[in-house]
Asks: 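Would you mind keeping the following structure in view while I ask a few things?
None of these values were measured; they are calculated from a predicted model.
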Amino acid sequence: MTRRSTWIRRSGAGVLAVAVTGALALSLPGASDAASARGAVPQKSYAVGPTLHLGHGSTTVGLPQYAQSLYYTSAGLLVRTNKDGSSDGGAPFHFQLVKADGKTKRLGLTLGEVVPDTDPTEPYLAWAKMKGGRIRVVVRDVRTDRNVANVAVPGTFDWGGWSAPPVSLVGHRVYVGTNDKTEVVNWRTGRAKASHTVPGSHFPDVLGRHAVVDRAHATQVIDVASGKVLLEVSQKRRFVFVQLSPDGRFATTSGGMGEGVTGPFKVYDLRRGTSVRLPGTDWGYGWSANGRNVYRVEGSTMTTCAARTGTCHATRVPALPKQPSVRYPGILYEA
């Protein structure tokens with residue numbers, strides 16, 4: 001499974017689609033890379049095999065294993081690795097915290113077949129585990145490499161093929177996909193309550209105030225608090241991926257992901273009710289850490305596009321190897 005990206009049509013009036021036309025401006029790495037390197041979090045990153053590229057590829061980081069998934073945190077980029085990240089791979093998983101300047105810290109953490117999550121604005125990693133047939137949520141501070149919470153969660157779990165339910169972390173809340181309900185756990189107080197908007201037996205794909213929810217023949221982006229549908233896409237004719245930006249303000253839709261899959265790609269501004277159309281790409285787009293841009297790498301070019309306007313520019317990067325498997329932050333690559 002992947003963290004879902006499906007595009008959906010705004011309820012009621014149609015969504016304005018803006019086509020991107022014209023040539024791309026080509027630039028070289030410069031001041032923007034230097035500015036990013038001064039902070040803890042790289043704005044753009046991508047991994048190919050055991051190599052992580054930061055910024056426009058001017059900084060590379062060798063990893064002890066293959067990069068399997070990349071997560072934004074306020075303390076840096078967290079990279080989940082395994083022995084064969086070039087495919088969907090599998091457990092055991094290990095973690096490296098990477099700063100914008102390329103400095104790394106290996107966490108003393110090994111996880112099995114579970115789906116962890118981070119909040120880009122917080123320095124934490126959350127996941128679920130089963131103990132004595134009961135669900136518990138664990139939260140770890142990636143700065144200190146210590147657990148800060150271990151909370152019991154009501155409910156049962158036996159769907160999806162993982163050893164514990166998948167989770168989404170948003171601030172002090174952890175959304176846990178149990179059998180009958182999605183439980184919302186306040187990991188600071190230990191209190192839990194059922195979500196009235198995110199269904200059970202479901203991947204709780206929550207970012208900011210919004211969530212991606214699969215229905216019988218459609219995928220929706222909803223407001224988590226009210227349940228209001230902000231975007232909906234039909235899944236009757238073909239499957240469409242829907243993905244939220246790190247802050248949940250934007251949603252993207254694409255015709256698929258993987259080599260040779262180049263369906264249309266759109267970015268929806270959930271506040272304004274507008275969208276922009278971008279060129280399709282084999283491996284999709286990643287999100288910048290601040291949620292303002294999407295980007296993709298093909299050959300020796302990184303194309304970066306403003307999420308709101310669709311304006312794009314191109315930058316030279318180190319050439320990708322033949323038949324690459326490119327990994328971007330914000331997309332989960334699950335078997």
Asks: Identify the two heavy atoms, one from Gly177 and one from Phe157, that lie closest to each other, and give their separation to 0.1 Å.
Replies: O-CD1, 3.8 Å
Asks: Which heavy atom in Ile135 sits nearest to a heavy atom in Pro165, and how many Å separate them?
Replies: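 So the minimum-distance heavy-atom pair works out to CG2-CG, 3.8 Å.
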Asks: If I take atom OG1 from residue Thr104 and atom NZ from residue Lys99, how far apart are they, to the nearest 0.5 angstrom?
Replies: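 One finds 11.0 Å between OG1 of Thr104 and NZ of Lys99.
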Asks: Looking only at the aromatic ring of each residue, does the gap between the centers of Tyr46 and Tyr295 stay below 6.0 angstrom?
Replies: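 Ring-ring flag for Tyr295/Tyr46: false, centres at least 6.0 Å apart.
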Asks: Between Ser245 and Asp247, which heavy-atom pair has the shortest distance, and what is it?
Replies: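 Minimum heavy-atom contact is OG-OD1, 2.7 Å.
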Asks: Let me confirm one number: the OG1-CD1 distance from Thr252 to Ile331, rounded to the nearest 0.5 Å.
Replies: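 Going from the OG1 atom of Thr252 to the CD1 atom of Ile331 covers 7.5 Å.
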Asks: Can you pull the salt bridge (charged side-chain N to carboxylate O under 4.0 Å, His left out) pairs that have at least one residue in residues 178-197, sequence neighbours excluded?
Replies: none
Asks: Using 0.5 Å steps for rounding, measure from the CG atom of Leu244 to the CZ atom of Arg209.
Replies: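 So the CG of Leu244 and the CZ of Arg209 are separated by 14.0 Å.
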Asks: Is the side chain of Tyr328 donor-acceptor paired with the backbone N or O of Val294 at a distance under 3.5 Å, no angle test?
Replies: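 Side chain of Tyr328 to backbone of Val294: no pair is present.
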Asks: With rounding to the nearest 0.5 angstrom, report the CZ to CD distance, Phe95 to Gln65.
Replies: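 One gets 11.0 Å once the value is rounded to the nearest 0.5 Å.
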Asks: Strictly under 6.0 Å, is that where the ring centroids of Tyr124 and Trp187 end up?
Replies: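 Tyr124 vs Trp187: aromatic centres under 6.0 Å.
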Asks: Please enumerate all residues that pass side chain to side chain donor-acceptor pair (under 3.5 Å) together with Thr156, with sequence neighbours excluded.
Replies: Asn179
Asks: Do Ser288 side-chain atoms and Asn293 backbone N/O form a donor-acceptor pair below 3.5 Å?
Replies: yes
Asks: To the nearest 0.5 angstrom, please state how far the CZ atom of Arg327 sits from the CG atom of Leu52.
Replies: 13.0 Å
Asks: Arg272 and Arg249: which non-hydrogen atoms are nearest, and at how many Å?
Replies: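 Of all heavy-atom pairs spanning Arg272 and Arg249, the closest is NE-NH2, 3.6 Å.
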Asks: Using modelled atom types and a 3.5 Å cut-off, is there a donor and acceptor pairing between side-chain atoms of Tyr72 and backbone atoms of Trp287?
Replies: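 Confirmed, Tyr72 side chain pairs with Trp287 backbone.
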Asks: Return yes if some donor-acceptor pair links the side-chain N/O of Glu113 with the main-chain N/O of Ala91 below 3.5 Å, else return no.
Replies: yes
Asks: Which pair of heavy atoms, one from Ile222 and one from Leu230, lies closest together, and at what distance?
Replies: C-CD1, 4.2 Å
Asks: Any side-chain to backbone donor/acceptor pair from Asp269 onto Arg308? Under 3.5 Å, distance only.
Replies: no
Asks: For residues 143-154, pull every pair meeting salt bridge (charged side-chain N to carboxylate O under 4.0 Å, His left out), keeping only residues two or more places apart or in separate chains.
Replies: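 Every pair satisfying salt bridge (charged side-chain N to carboxylate O under 4.0 Å, His left out) with a residue in residues 143-154: Arg140-Asp145, Asp141-Arg143.
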Asks: What residues form a side chain to side chain donor-acceptor pair (under 3.5 Å) with Gln96, not counting sequence neighbours?
Replies: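 In terms of side chain to side chain donor-acceptor pair (under 3.5 Å), with neighbours along the sequence ignored, Gln96 is linked to no residue.
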Asks: Holding to side chain to side chain contact (heavy atoms under 4.5 Å, CB included), I want the full list of residues that pass it with Ser195, two or more places apart in sequence or in another chain.
Replies: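 Scan of Ser195 (side chain to side chain contact (heavy atoms under 4.5 Å, CB included), adjacent residues dropped) gives Thr182, Val184, Thr197, Val198.
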Asks: Mind checking side chain to side chain donor-acceptor pair (under 3.5 Å) for Arg136 and listing every partner two or more places apart, or none if nothing turns up?
Replies: Asn150
Asks: Can you tell me how far the NZ atom of Lys228 sits from the NE2 atom of His210, to the nearest 0.5 Å?
Replies: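 These two atoms lie 9.5 Å from each other.
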